[in-house]
Amino acid sequence: MPGSALSLIAGFYPAAQCRQIYQRLVTEQNWPDNHYLVAGRQFTLPRLQTWHADPGIVYSYSNNLLETRPWSPLLTELRQQLEDYLQAGFNAVLVNYYRDGDDYVGWHADDEPELGPQPLIASLSFGASRQFAYRQKKSARHGSLLLSDGSLLVMQPEFQHHWLHSVPGSAEPVGGRINLTFRKVLPGPATG
Ligand SMILES: O=C(O)CCC(=O)C(=O)O
Ligand SMILES: [Fe+2]
């Protein structure tokens, strides 16, 4: 385990509420298809994704790939609960829908410059359990944990500094899963 850089709270939401939240996300998110044109090339994302942020928040990752959407009532409610629990502010959320075991996210760190030097990320999971794999950037240390329905994974800033993470595809048949990573994007340089 990457020490205190990761903390996992299983059952942060109770099962009955998880079912409701998952169903609402599936039906309310108005999921885009996963084909994108990047620098003139067709690119297929191995999951469905939406990005929501407060007005004025600009994020290069989303700029390159995703339109910025407003917060729905459900997303606003989830954000408020996390802010109250963690006593931290979030102004954006990336929502990933892994439709089945073929959908995945590859190795990365959420360390874009817009997140600043100390990015705190709160990650909520609903639906099927999936493995969350991590490996240290500068050593062979690695491991994984299971992100189950209703779990909250808190990634402290040091986690992004020293570790990469991924959600690998699953060889076992697995149902849909929706993950939300709440972030705080720092204001960009003033324009105009
Ligand atoms: O699905 C997950 O648990 C992780 C998603 C993720 O790494 C991300 O959105 O940056
Ligand atoms: Fe990530």
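The first residue of the sequence shown is numbered 1, and numbering continues consecutively from there. Worth knowing before you read on, the calculation uses all heavy atoms, side chains too, and leaves out hydrogens, waters and symmetry mates. Each ligand, and each atom within it, is numbered from 1 in the order the structure gives.
- For the side chain to side chain donor-acceptor pair (under 3.5 Å) with Trp71, the lone residue among Asn91, Asp54, Thr76 that qualifies is Asp54.
- Listed by atom number, the atoms of ligand 1 under 4.0 Å from Val167 heavy atoms are 1 (O), 2 (C), 3 (O), 4 (C).
- Between the side chain of Ser72 and the backbone N or O of Leu75 there is at least one donor-acceptor pair closer than 3.5 Å.
- The Fe ion (ligand 2) lies closest to atom OD2 when only the N/O/S atoms of Asp110 are considered.
- Proximity of His108 to ligand 1 is established by a heavy-atom distance of less than 4.0 Å.
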Apply side-chain contact (heavy atoms from CB on, under 4.5 Å) to residues His52 and Arg69 and explain how you reach the verdict. CA-CA 5 Å; His52 310 255; Arg69 301 181 176 195; 3.5 Å; yes
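- For ligand 1 and His165, the ligand atoms under 4.0 Å from any heavy atom of the residue are 7 (O).
- Numbered from 1 in the order shown, with element, the atoms of ligand 1 that lie under 4.0 Å from a heavy atom of Tyr98 read 1 (O), 2 (C), 4 (C), 5 (C).
- In terms of protein heavy atoms, atom 10 (O) of ligand 1 is closest to Arg183 NH2, 2.9 Å.
- By the criterion of side-chain heavy atoms lying less than 4.5 angstrom apart, applied directly or through intervening Ile, Leu, Val, Met, Phe, Trp or Tyr residues, Tyr104 is not grouped with Leu94; the two fall into different hydrophobic clusters.
- Atoms of ligand 1 lying under 4.0 Å from at least one heavy atom of Leu94, given by number and element, are 9 (O).
- Polar contact check, Ser123 against ligand 1: no nitrogen or oxygen pair lies under 3.5 Å apart.
- Interface of Leu147 with ligand 1, defined as ligand atoms under 4.0 Å from a residue heavy atom, comprises 3 (O).
- Restricting His108 to its N/O/S atoms, the shortest distance to the Fe ion (ligand 2) is reached by NE2.
- Within a 6.0 Å sphere centred on NE2 of His161, heavy atoms belonging to other residues, nucleotides or ligands number more than 12.
- Applying the 4.0 Å criterion to heavy atoms of Asp110 picks out, from ligand 1, the atoms 10 (O).
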Full working for side-chain contact (heavy atoms from CB on, under 4.5 Å) between His165 and Val105: CA-CA 9 Å; His165 59 277; Val105 62; 5.8 Å; no
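- Taking a cut-off of under 4.0 Å to the non-hydrogen atoms of Asn96, the atoms of ligand 1 that pass are 5 (C), 8 (C), 9 (O).
- Only the side chain of Arg177 comes within contact range of ligand 1, with a heavy atom under 4.0 Å; no backbone atom does.
- Atom numbering of ligand 1 starts at 1 in the shown order; those under 4.0 Å from a heavy atom of Asn179 are 1 (O), 2 (C), 3 (O), 4 (C), 5 (C).
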Mind running side chain to side chain donor-acceptor pair (under 3.5 Å) on Ser170 and Arg130 for me, showing each step along the way? CA-CA 8 Å; Ser170 167; Arg130 294 286 295 262; 5.2 Å; no
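- Between Arg19 atom CZ and Gln23 atom CD the span is 10.0 Å, to the nearest 0.5 Å.
- With Phe126 as the fixed residue, the ring pair (Phe, Tyr, Trp, His ring centres under 6.0 Å) test singles out one of Phe12, Tyr13, Tyr97: Tyr13.
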